[in-house]
Structure formats: C-alpha cells, structure tokens
Amino acid sequence: MPIFRSAFVASCWVFASVANATMHECAKDIAIRITGIYENGDTDVHYSYCENLDDGRGYTAGIAGFCTGTGDAWMVIQEYKKLTGSYGDFASMASKLRKYADDENDSTRGIKNYCNVWKSLGKSDKNFQKAQDSIRDQLYYYPAEKAANKLGLKLDVSQGQIFDTSIQHGAGDDADGLLSLIKDTNKSFRSDQPGNSGSILNINGHQVDEIVWLKKFIEVRTNDLKHPKEEENQGGDYWAQTTYRTKSYSYMLILVSYLAFMPTASAAMCSCAKDIAIRITGIYENGDTDVHYDYCENLDDGRGFTAGIAGFCSGTGDGWDVIQEYKKLTGSYGDFEAMAADLEKYASSESDSTSGIENYCKVWESLGKSDKNFQKAQDNIRDQLYYDPAEKAAAELGLKFDVSQGQIFDTGIEHGTGDDGDGMLTLIKNTNSAFTSDQTGDSGSTLTINGHQVDEIVWLKKFIEIRTSDLKSPKEKDNQGGNYWAQTTYRTKSYSNIIDQGEYMWTSTVKLLDNDANAAMCGCAKDLAIMITGIYENGDTESHYAYCENLNDGRGFTAGIAGFCTGTGDAWMVIQEYKNLTGSYGSFESMATDLEKYANSGSASSSGIKNYCQMWGSLGNTDKNFQQAQDNIRDQLYYDPAQAASNKLGLKFDVSQGQIFDTGIEHGTGDDADGMLALINNTNSAFTSDQTGNSGSTLNINGHQVDEIVWLKKFIEIRTSDLMSPKEKDNQGGNYWAQTTYRTKSYSNIIDQGEYMWTSAVTLLDNDSKPTTISCSSYGKINPSTKTRRRRRDVNGRPIRIRGTRMLVPSLDPPKRRIMRPIRSGPSEEL
C-alpha cells in the first residue's frame, strides 16, 4: 500500500466552508479516489476486480470489495437485476449466491465461474458498473454523509475522512465502527474549542472549530487502528499497517493550514455549478432558465441570423462554427447542406446577408428541437468560445469560488472574452491594477495579484465594480449606442446579491436577483423532489409517461406523470406542447378538435376520443418528445409556480422547496382555501416576532427574522391540519385527504435527519412509514405500463385524487423568445 510518497493533487476539492454538509459531485469523486489510493494503490475505478483472498468472506470483488460471504456482493447483483431485468450471466449461480449471502458463508462451491463473470461485466457493462456505484453509496457513502450532516460538517476534507472511515471500519456502531469513533471523539470536548477554519460545530453544547474536531477524530481513529477493540480486527496486525490513511489526511490538513485553506490548484466548477452559472446567464439573456436550442431570428443588428443557446450569428462566424461542429458529430451538414457554401462565405467575410440562406431559421429550429447532436454541437461551441476561455482566465487568477467563476463566465458572454476595450480580459486587467497592497478578507481563499495577497471576494467585488462602470460607460464605439449596456447592470447587481448571501459555492441551488428576482433547485435536487412526490402519488420513483385510464371522477381520461386530464385542460396542454416540439399532433391528430373542445368546456366526455389511452400509452413508452412535453407542462403547472413561491419567500433549502412542490401537486398551486398559496399565507400569519434557529438560513416574514427550518416546520404543521380538516367543500368527502398525512410526516422525518440540501440522495419515510433511500442515479426510469400506475386508493379501493379546486388551464402561449440580443464587443480574433 502506498504511503503518499508524492502529493496527490485534488484539483477541484474545495476546502472552503459552504452552507451545507453535503459534498458536491466533484468533491465526492475526489474522496472516492483518495480512498481508492489507500485500498488499491491507484485512483482507477476497479469495477472488474475479483479474487478469493481466503479471508473467510468468499470472493472479494469490485470497487468496494463486495464479498459473496457478507451479502454486499449479492446486493450488487440484485441491483443489477433491477436495472436490467435479469441476473445476466449470474443467473445460473443466483440461488447459491443468495444462500451464501444469507448464511454469511465463504463457500465457492457452485460459483467457480463467479470471478470470470464479474470481470467480464465489470469491464464493459454500464449497468453493472452503475449497480456497484449504487450499492457502494448505499452502504458507505450515504451513511457517512448522514453522519457528517448530523455533526454539521461543512468542509470536504472532514467529510472525506468520514467516508474513508466508513469504508475501512464500517458505518455502524460496533466498537471499531464509524459511529463509535465519532462518539468517542465527541466525548473529548467539554468546553468551547475555537479555531480558524470558519466552520463551528455544536458538540455537547460546546462551540468547536471543525478542523479542531477533525484532528481529534483522526487521533481517535489512528489509536483504534493501532489497537482495534473488535476481536476479528485484532489478528495479524493488519489494521496497524494502515495508519497511512490517517497520516495522509493529517498531511492534507498541514498543507491547508499553511495555505489558509486554499486547495492546491484552482477549483474548476463541478457540473452542477456550471449548470447553475449557465442558467443564471440564461435568466439575464432570455428572462428564463430554459435552454433555447431552437431559437432563431434576424434581429437586423448587422450580424445576420441570431440563433441558439448563445446567440450564434451567421454573420460573425460562431453560427458557422456550430454547423461545422454538427458535421463533425454526424458526418454531414444535414439540412444545412444546400446553404453550406453561402454560410461559410458569410462567416469568413462577416457579412449579414441572408441571400441563399432564407430557409436558415426553419432548419435551425427543426434541428434545435429534436436533434441531440445539434444540441450537443451548440453546447460544445458555447463552451469553446465562452465557458472554456472564462475558466482559463479564472484558473490563471486562482479563483476557487463558483460565484467568482460564474461572474467571469457571464462577463465573457456579454462583453466577449477578448482584450478589446470592454472585453473580459481587459476588465480583469483593470481590476488587478487596482491592487497595490495586500487586501485581507474572510472568504478563506487568497489570490496573488501583482505580488500582493488579496482575498478572493474582495477581488470579486472590485471586478464587479469595474464591470458595472464599464456597462454604464463602454469604451468601444460600437457598444455605446442606444444605452443598451447601461440597461444590463442588473447582471452585476444580481451577482453582488449572491455574494451578500454568502453563496460562494453552488452545490445544488443558488438564490439570485434576476431581471426581477428568482431562485431555483438544480439538477439532482429537482429530480429527488419529483421522485419523492412520485412515491407519495404512485408508490414508486418511476416515470409513468405511458399511464392512462378513465377514473370516472368527472375529469375524463387521466394520464401521464402528473395525472393530466382531458376534462381539465392540462392534457390538452401536453398535446399542444408535443406539437410545438414536433410540428404535428401525431397520433392525436384525428381527435384534436374534440380534445380542444373538452379542454375548453371542462367536459369529461370520451365521445370521439375512445382510442385516446392507446395513443397516449404508445407515445408515452417510446417518444422522447412526448415525454419531454409532459415534463414541460408538469413544470409549467406545478414546479415553476412552486419555485416562484419559494423564491418569493427566499427559501434556500431543497427540503423546503421540495415540500412546496409536493404541496402544489397535492393541493394545487392556487390561493383557494386549501391551495398552496393559502397555506403559505396562513403560515406567514403565524409569525408575529423574530424566530431564531440553527439552520443558517433566515427569512424575512412580515418584517420578522425567521429561521427557514422553523418556518418549514410551521408550514408542515398547517398543511397537516388542512389535510385533516380541508376547508373546500369538494375536498371534504370520503376522508381522502386525512389518509395522506404520510406526505407531511415523511418530510418531517427528512428535516429530523438534517437532510436540508440534496446533492446525491435523500432518505425518507415511504407511504408505509418505512425508511427508504433514493438517489439521483434512479431518476428517469420509465414504467412502460399504461395501467399499473399504483395510484393511492381509499379503504374501499377507489383512487384518491387530490388536486383541490383544479382550475381549467388556458392554451399554451407561443414558445418563449429571447428578450434581448447578446451584447458583445464583436467577434474574437479567432473567429
């Protein structure tokens, strides 16, 4: 085993304190790789490893040493069956493997071919690799994360050490287990213990600096490795030989201590943070966070056609770049073939002519809606022209915080990434020139600017000040007309607000001021919220795109992922959205007139649409555009209004926003007596004074400072009361609502676990009050059945439909268009 003879550089592990105790995916990856060095001597992912170590555990295999004689290998194989529908090449030995797992038997009888099968699948089968990832997380990462959350750990180095301990010692409370070591560490603190990490834990009622706590934990763990308590860990002096694991983490702390908690290299944004940065800029550019792959129009601004996610122009060269990238991905220009020569000519000459390319927007819109390669081409060129140069500039500066890198990216999009008078590089240079001495701060990250030590947030505030001044008085002549630039200072004002909120690192959400105001869950957290509500609604986390039946509840056919109904209008919205995405109603064409009529009149009639469920089920199973249409309308009707309400309140935690979304699904998002907005108003009315708490997030309610978790608990109390005694007459029959208080009970359990932020998984109580863990890797599994959606039912077996006084919904508005053209100081020299 290696003992760190050379430093392993964790290039994106951030040692700065963040607002929640959950590692972002980049830090998680590094923690896993560090443990991989200790376990395997390298950072490779050993999915295909398998051998019999003759240690009484049978075959040991895979990324976490899953053993046939301890049960975890069988868990992997069962997970593989869930993902694929069969045991694959393990089928012939499945009964033996189950028996050895149940009996904790190390026998290899009847499973001699086990390692050959494991190695083969581990090398090439993505589902088998995914199964290993899932079980590793379930057995080791999630318990470690839960323990870290309970302690309030915020630093990646602390959480990494907890994860490594769970891998080696186990995550339980046996004498050498993770929980016992934590307990023994906590006993050491009988008074406040200050430090310089910037993160304080509450240990036995005492305020303890996180790094002080971590050093004590490492000391306790090291002692346990030298003198393990459990008899099975005492033989052979094996554990004592692995103290390099704690020595290695102590070495990291020494480096970090000397470097004021700077990582050893600039921290590239992880995928979620990059996604947030792009969406923030999307708000400034387009007024929303949608990805406008299919946008195209002629703005008559001298740049030809402007199109796509970053306003690629036919007259500046970046539009042609996208089309060339598309050819690289597909082998041809596709429908652009006939105009390729003209497009290349206009790009080379920077001409805004549209002669010979009149059909350009029609082709762009068609490919942008449905062609994944064309969307990928746009992503690639956006990154090549804007994101990658911004990241390069951020790396040269040594920026570590997502908020800093996001601001640089947004500047590159608006000002261009060059060094002309208003360009991104010029603004950076002007900012650096402002520092002629050391400038200290409290961010925990220090830059070297002109030989001076400058706090990163101090630098960022100066950059924003200089950029704002440039927007008000641009230097380049072609940026001075029309006062356009001065109208966009909301971009810098919004980032200043993010800084004021202390949201330097973005692991799942960020609250910002948009062109008005906005905040949103991202990626994984949204997926988890949807899956949680899916458990309450259907008993599982699958996506029921193909579900369709007539519940005889006066709403016509009920179908899809959110129970869209022909008699309330939302099903018609899905079908209209499908037409927007594809250009036609497809299989619904023959019944479109009747569907529109029933939507507008609120009719439950099935006359003329008898074949509706067959059509819905067929498209729901296989048509990605139809699935996307359902996602879009679910968001428009429930997720987006819930997010708007969360934004208005200033909610920051995923658990809070998830609860609001679930309320919108069950109660409706309106302000009727049982609606989501009414429950929020009733909750707010309960606060007539400041209400403090320990969550770290404070809301302004009726002029009072209220801790977010205190507010959320009150909201859940009021919602539970409403479920028990609904106010609207049509919600009072059958005692249906009172049967669903498991929804609020489940969220209360999530709060009690301290799982406020969701970056990879969350543990909740299911509809039978049994703990269950769901992870982002489970999202997107499609249930193909049109009839087996396990809808909640009352004691008489009748479906429970709870949606309050669901209003008829209007027809879809036309697709959103960009509200302003991207303002740049001209194409870069490379173009």
Side-chain angles (χ1 to χ4, degrees), residues 32 35 39-40 45-119 121-122 125 127-147 163-180 228 230-233 235 238-239 761 763 766 770-775 777-778:
I32 290 169
T35 292
E39 292 277 312
N40 310 310
V45 186
H46 293 265
Y47 291 114
S48 61
Y49 162 74
C50 185
E51 65 179 309
N52 189 338
L53 297 173
D54 295 318
D55 60 356
R57 302 185 182 192
Y59 290 112
T60 298
I63 59 173
F66 304 112
C67 299
T68 56
T70 61
D72 48 3
W74 177 239
M75 290 177 72
V76 171
I77 294 165
Q78 285 182 298
E79 181 70 12
Y80 179 60
K81 185 182 179 183
K82 286 182 185 178
L83 294 172
T84 64
S86 77
Y87 289 122
D89 292 338
F90 288 112
S92 62
M93 58 185 97
S95 60
K96 292 282 188 185
L97 289 169
R98 181 189 294 111
K99 185 176 186 304
Y100 297 154
D102 291 342
D103 298 343
E104 295 190 3
N105 188 334
D106 69 343
S107 174
T108 60
R109 185 176 180 182
I111 59 170
K112 298 293 184 183
N113 203 36
Y114 179 84
C115 275
N116 289 335
V117 174
W118 188 288
K119 290 175 180 177
L121 293 176
D125 192 312
N127 284 310
F128 192 59
Q129 294 169 1
K130 186 176 181 181
Q132 292 188 51
D133 290 337
S134 296
I135 300 304
R136 176 206 58 214
D137 287 355
Q138 183 179 328
L139 295 180
Y140 304 109
Y141 183 77
Y142 296 148
E145 186 178 65
K146 183 178 178 180
F163 169 69
D164 184 68
T165 304
S166 75
I167 287 283
Q168 183 176 31
H169 296 244
D173 59 0
D174 58 279
D176 299 314
L178 168 70
L179 297 182
S180 291
E230 295 285 335
E231 185 175 350
E232 62 181 339
N233 299 328
Y238 295 144
W239 276 43
T763 300
D766 65 13
K770 295 178 180 177
T772 184
T773 299
I774 59 174
S775 65
S777 61
S778 303

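These numbers were taken from a predicted model, which means no experiment stands behind them.
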Q: How are the rings of Y59 and Y114 set to each other: parallel, tilted or perpendicular (split at 30° and 60°)?
A: parallel

Q: Taking side chain as C-beta onward, heavy atoms only, is L97 less than 4.5 Å from Y87?
A: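 SC-SC contact between L97 and Y87 ruled out.
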
Q: Quick one: does Y100's side chain get under 4.5 Å of R109's, heavy atoms only?
A: yes

Q: To check you understand the geometry: which heavy-atom pair defines the closest contact between A131 and V76, and what is its length?
A: CB-O, 3.7 Å

Q: Show, in sequence, the C-alpha distance, side-chain angles and deciding distance for V45 and Q132, and conclude whether the side-chain contact (heavy atoms from CB on, under 4.5 Å) test is met.
A: CA-CA 11 Å; V45 186; Q132 292 188 51; over 6 Å; no

Q: With rounding to the nearest 0.5 Å, note down the distance linking OH in Y141 to OG in S775.
A: 11.5 Å

Q: Could you grab the distance from atom OH of Y140 to atom CD1 of I63, nearest 0.5 Å is fine?
A: 10.5 Å

Q: Just by distance, do the side chain of E230 and the backbone of A175 share a donor-acceptor pair under 3.5 Å?
A: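 Yes.
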
Q: When rounded to the nearest 0.5 angstrom, what distance separates OG1 in T35 from CG in D164?
A: 3.5 Å

Q: Could you check Y49 against K119 for side-chain contact (heavy atoms from CB on, under 4.5 Å), going step by step and ending with a plain yes or no?
A: CA-CA 6 Å; Y49 162 74; K119 290 175 180 177; over 6 Å; no

Q: Apply the test side-chain contact (heavy atoms from CB on, under 4.5 Å) to residues T68 and R57: give CA-CA distance (whole Å), side-chain angles for both, the deciding distance (0.1 Å), then the verdict.
A: CA-CA 7 Å; T68 56; R57 302 185 182 192; over 6 Å; no

Q: Is a donor from one side chain sitting under 3.5 angstrom from an acceptor on the other, for T84 and N127?
A: no

Q: If you measure only the distance, is there a donor-acceptor pair under 3.5 Å linking the side chains of K130 and S134?
A: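 Short answer, no.
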
Q: Would you mind reporting whether E145 and D137 have side-chain heavy atoms less than 4.5 Å apart?
A: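 No, too far: nothing below the 4.5 Å cut-off.
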
Q: Looking only at side chains, do Y47 and D125 share a donor and an acceptor under 3.5 Å apart?
A: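 Distance-only check fails for Y47 and D125.
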
Q: Parallel under 30°, tilted from 30 to 60°, perpendicular over 60°: which one fits the rings of F128 and Y80?
A: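 Ring orientation, 0 to 90° scale: perpendicular.
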
Q: Indicate the atoms forming the closest heavy-atom contact of A101 with W74, along with that distance.
A: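 Minimum heavy-atom contact is CB-CB, 3.7 Å.
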
Q: Would you check if I111 and F90 make a side-chain contact, meaning some heavy-atom pair closer than 4.5 Å?
A: no

Q: Do E39 and I167 touch side chain to side chain, with heavy atoms closer than 4.5 Å?
A: yes

Q: Minimum heavy-atom separation for P228 to N233, with atom names?
A: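 Taking every non-hydrogen atom into account, CG-O, 3.2 Å.
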
Q: Could you walk me through whether K146 and T763 pass the side-chain contact (heavy atoms from CB on, under 4.5 Å) test, one step at a time?
A: CA-CA 9 Å; K146 183 178 178 180; T763 300; 5.7 Å; no

Q: Are F163 and L178 close enough that some pair of their side-chain heavy atoms sits under 4.5 Å apart?
A: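 When only atoms from C-beta onward are counted, L178 and F163 do not touch, as no gap falls below 4.5 Å.
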
Q: Between D102 and K99, does any NZ, NE, NH1 or NH2 come within less than 4.0 Å of an OD or OE carboxylate oxygen?
A: no

Q: Once you round to the nearest 0.5 Å, how far does OG1 of T772 lie from CG of D766?
A: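 It comes to 6.0 Å.
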
Q: How many angstroms lie between CZ in R98 and CD in Q78, if you round to the nearest 0.5 Å?
A: 7.0 Å

Q: State, with a plain yes or no, whether a side-chain heavy atom of Q138 is found less than 4.5 Å away from one of T773.
A: no

Q: Can you measure from CG (N52) to SG (C115) and round to the nearest 0.5 angstrom?
A: 7.5 Å

Q: Report yes or no: does S166 contribute a side-chain atom to a donor-acceptor pair with the main-chain N or O of A144 at less than 3.5 Å?
A: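 Absent.
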
Q: Do D72 and L139 have side chains that approach each other closer than 4.5 Å (heavy atoms only, starting at C-beta)?
A: yes

